Amino acid sequence: MTADFPLHRTTRPVADDERAAALADPGFGKHFTDHMAAATWTPEDGWHDRRVGPVVPYSLHPSAAVLHYAQEIFEGLKAYRHADGSVWLFRPERNAARFAASARRLTLPVLPEEDFLASVEGLVRADEAWVPAAGGEQSLYLRPYMFASEAFLGVRPAHRVEYGVIASPAGAYFGSGVVGVTLWISAEFTRAAAGGTGAAKCGGNYAAGLAAQLEAREHGCDQVLYLDGAEHRWVEESGTMNVALVTSAGELVTPQLGTILDGVTRASVLDLAVEHGLTPVQRPISVVELAEGCASGSITEVFAVGTAAVITPITGFRGPDLSITVGGGAPGATTLALRAHLLDIQHGRVEDTRGWLRRVV
Ligand code: COI
């Protein structure tokens, strides 16, 4: 049965000229639309009070569990305007499934897939005017999240939980865009360990990553590349993205799942690889292989993948005793071709032969 998120339209929308200015240069995560979707969970009533309404601040007791024990998860997906004016989501069922998996890991209540889809679609319909025009690379970024709002200081799963979705028009995540980014290979910080929360999309993973991100910036890099926690030898993922590389043997290689995020863009690129003459491979990649392969030319391209970052070329890595240049320091042709292919599918410029798009408007 389709869940209903009834719309209570705001009486105070952002003025048309202000919205137009935001859409003209959205950046990432700076502007927010007029509405949000929401629902509340309690053990007695389950999920209830589903609604799409004006964006309103939360009122939380200072003991709210999320403020102390970080019982929180989130997602990221985008809505795209096509040339005929229609609006589409990209593989939202995968986000719903990952949200459910993250909820299980953080002992939060699972939100049924139909609620996830109805809330996201309801918000996109309410804020359709905020979906950027067709023709460019812009989209409406959607941020579903869930957190423990119960006022209680004991450590146990919360008995009151809030779910929400907000939306923000999005341009490029990195200012440097397709020019390429450099990643800092941290010798100090790791992201995840076996049995931990590495595969979950929870706020705590990102809070713990901020120190590594600052370390990367201090060394002139755009983001961090994490190695595994046990041996500090295997490539895991970047601060906000999965990573993949292209070999001279015609493979597209990305680290196997386990302690990394099961990225929607990662999965999509593995699928598209075949059309670009590449064999998709998921296996461990050591930092030694990365350095030696880039030096010898057996690794020709490296790139990052994520909903926000789309496909971003990686042109180099630095570390305490390490400096790696990828493919002469310029974005690779395969990276750019995969990027164009994915964006063309998302923006409706080529046929969606895989059924990845879901129409909303
Ligand atoms: C995304 O790519 O959607 C992310 O969630 C990464 C980041 C902006 C936190």
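The first residue in the sequence is number 1, and the count goes up from there. Just so it is clear, the structure is predicted and the values come from calculations on it, not from any experiment. Note that ligands are numbered from 1 as they come in the structure, with each ligand's atoms numbered from 1 the same way.
Of the protein's non-hydrogen atoms, Tyr206 CE2, 3.7 Å is the one closest to atom 9 (C) of ligand 1. The shortest contact between atom 6 (C) of ligand 1 and any protein heavy atom is with Thr240 O, 3.8 Å. Among protein heavy atoms, the minimum distance from atom 2 (O) of ligand 1 is reached at Ala308 N, 2.8 Å. Protein heavy atom nearest atom 1 (C) of ligand 1, with residue, atom name and distance: Tyr141 OH, 3.4 Å.
Note on Glu128 versus Arg81: salt bridge recorded, some NZ/NE/NH1/NH2 to OD/OE distance being below 4.0 Å. The pair Arg160-Glu44 fails the salt-bridge criterion, with no side-chain N (NZ, NE, NH1 or NH2) lying under 4.0 Å from an Asp/Glu carboxylate O.
Under 4.0 Å from ligand 1, not a single heavy atom of Met241 appears. In Arg143, the part holding a heavy atom less than 4.0 Å from any atom of ligand 1 is the side chain.
Exactly one residue among Arg156, Gln71, His61 makes a side chain to side chain contact (heavy atoms under 4.5 Å, CB included) with Glu150. That residue is Arg156.
The side-chain tip of Arg191 does not point at the ring of Phe189 from less than 6.0 angstrom away and within 45° of straight on.
Each of the atoms 5 (O) of ligand 1 lies under 4.0 Å from some heavy atom of Phe74. Within ligand 1, counting atoms from 1 as listed, the ones closer than 4.0 Å to a heavy atom of Gly76 are 3 (O). For ligand 1, the atoms lying closer than 4.0 Å to a non-hydrogen atom of Lys201 are 4 (C), 5 (O).
Between Val246 and Leu278, the shortest heavy-atom distance links the atoms CG1-CD2, 4.0 Å.
No more than 12 heavy atoms of other residues, nucleotides or ligands sit less than 6.0 Å from atom CZ of Arg12.
Here Leu252 contributes atom CG and Asp271 contributes atom CG; the two are 11.5 Å apart, rounded to the nearest 0.5 Å.
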